[in-house]
Amino acid sequence: MKGREPMDDASRGTARSRALFERARMVMPGGVNSPVRAFGAVGGEPRFIARGEGACLVDVDGNRFIDYVLSWGPLLLGHAHPAIVRALERRLPLGTSYGAPTEGEVLLAEAIRRFVPSMEVVRLVSSGTEATMSAVRVARAATGRARIVKFDGCYHGHADGFLIRAGSGAATLGVPDSPGVPEEIAALTLVAPWNDLDAVRAILDRRGAEIAAVILEPVVGNHGVLPPRPGFLAGVRDACDRAGALLVFDEVMTGFRVARGGAQERFGVRPDLTTLGKVIGGGLPVGAYGGRADLMRRVAPDGPVYQAGTLSGNPLAVDAGLATLRVLEEDPTIFARLERQTERLAEGLREAAGSRRDEVAVNAVGSMFTLFFAPPPIATTAEAGRSDRARYARFHSALLARGVYFPPSPFEAAFLSTAHGDAEIDATVASSAEAFRAAFEGSG
Ligand code: PMP
């Protein structure tokens with residue numbers, strides 16, 4: 001931990017954040033540019049952030065927090081990592097976008113393939129949403145089929161066909177189907193229950209000939225962390241093969257989080273197509289989709305499947321991503337260390353719940369975790385849905401007051417970075433013991 005203790009000043013008030021939020025609400029929906037940032041699910045008001053340093057966020061009032069949101073996943077190396085800052089400083093004077101190919105894009109695509117070998121051919125885009133919608137287009141083109149299967153609680157970005165039982169933001173807002181999504185498009189998406197292989201088989205047996213692809217988060221992160229049951233992913237792979245449907249792993253969150261090569265490496269299941277985002281941009285906007293060469297060669301200009309982007313492969317974003325992947329390649333121990341730290345925190349949180357520990361479940365895979373206010377085990381969306389929202393809201397606000405920034409929703413994954421050392425974890429566990437009292441006893 002650098003400089004000041006992270007917990008030394010989380011009580012400087014919120015006047016500046018409040019004033020900004022008031023102004024923001026006049027000019028932006030809910031005062032934010034992405035719904036969950038508004039703190040609606042925990043009944044609070046968002047902090048406006050001035051800067052990030054390593055494991056910490058500092059808000060505009062000068063409050064300092066140990067950050068477990070990490071920009072919703074991208075900051076595997078923490079805030080303002082020197083390698084990323086240096087890469088951006090080098091690039092900046094050379095121009096910010098060319099709309100023409102660069103060496104960096106080749107290097108990043110090659111690096112992605114080293115980490116995730118099933119991504120034989122890769123297209124860079126600017127967000128996870130773009131990656132998933134494009135992957136599905138490729139799957140539909142390749143199979144000549146229109147329907148897709150997704151899982152209850154999985155979120156794949158905000159394209160029309162995915163906003164059906166889409167987890168976190170949608171679940172906590174209570175609007176599983178967004179207005180504005182035409183019924184005709186929604187009807188092309190079939191929803192299966194997570195971790196229920198029989199249900200997936202039944203759908204594929206019955207309607208397999210209509211199904212272009214099954215898309216899933218191989219560890220669900222968007223309904224809280226829900227690992228796949230043993231054999232589940234392999235079973236889905238088999239069912240897809242029998243039906244002639246493609247399997248798409250949406251590793252926007254799990255990529256570079258649950259293992260060096262993502263969930264497909266960890267669980268030993270090879271998808272046909274993979275989507276990435278978050279960590280590969282190192283905090284700048286990058287997404288990617290890729291997979292079997294015969295499928296990806298259908299993408300324009302090699303093939304007829306159209307997909308394009310003015311800022312795709314943006315040089316600043318690519319350099320931030322490359323800097324991140326270089327750090328990971330230089331230090332192969334990073335993923336084991338991150339996982340150990342995450343386990344340490346998960347165990348610390350369970351202990352901190354004290355006599356109520358049977359009433360909380362901490363699910364953790366790699367460097368992602370969720371604390372549910374419901375008895376373990378939590379393996380399905382329905383079980384996750386039992387998490388006590390009011391308790392989580394009190395827990396969240398008590399932690400925030402003590403300088404710990406947890407996701408402002410009970411159904412979001414939290415993350416660790418390489419900047420989270422023992423000191424940050426110990427401080428978090430100490431604060432959480434008090435926050436549990438607030439959560440269970442109903443006082444702050
Ligand atoms: N897929 C998954 C699994 C995600 O977690 C997210 C974002 N949380 C997306 C897709 C969409 O990515 P983006 O927000 O960059 O569009």
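Every number for a ligand or one of its atoms is a count from 1 in the order of the listing. For the numbers below, each heavy atom of this structure counts, side chains included, while hydrogens, waters and symmetry mates do not.
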Q. Restricting to pairs with a member in residues 245-259, which pass salt bridge (charged side-chain N to carboxylate O under 4.0 Å, His left out), not counting sequence neighbours?
A.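 Qualifying pairs: none.
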Q.
Quick check: Tyr155 with Phe411 (ring centres under 6.0 Å apart)?
A.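 For Phe411 and Tyr155, the ring centres are not under 6.0 Å apart.
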Q. Ring centres of Phe256 and Phe115 under 6.0 Å apart?
A.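 Close enough - the centres of the two rings lie under 6.0 Å apart.
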Q. What residues come within 4.0 Å of ligand 1, counting heavy atoms only?
A.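 Around ligand 1, where the cutoff is 4.0 Å for heavy atoms, the contacting residues are Ser127, Gly128, Thr129, Tyr155, His156, Gly157, Glu217, Asn222, Asp250, Val252, Met253, Lys278.
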Q.
List the residues meeting ring pair (Phe, Tyr, Trp, His ring centres under 6.0 Å) with Phe415, not counting sequence neighbours, and say none if there are none.
A.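 Partners of Phe415 under the ring pair (Phe, Tyr, Trp, His ring centres under 6.0 Å) test: none.
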For residues 224-231, run the donor-acceptor check on the side chains, cut-off 3.5 Å, and write out each pair with its distance to 0.1 Å, sequence neighbours left out.
| from | atom 1 | to | atom 2 | distance (Å) |
| --- | --- | --- | --- | --- |
| Arg229 | NH1 | Asn195 | O | 3.1 |

Q: Decide, yes or no, whether a salt bridge links Glu339 with Arg337 under the criterion of side-chain N to carboxylate O below 4.0 Å.
A: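 Between Arg337 and Glu339 there is no salt bridge, as every charged N stays at least 4.0 Å from the carboxylate O atoms.
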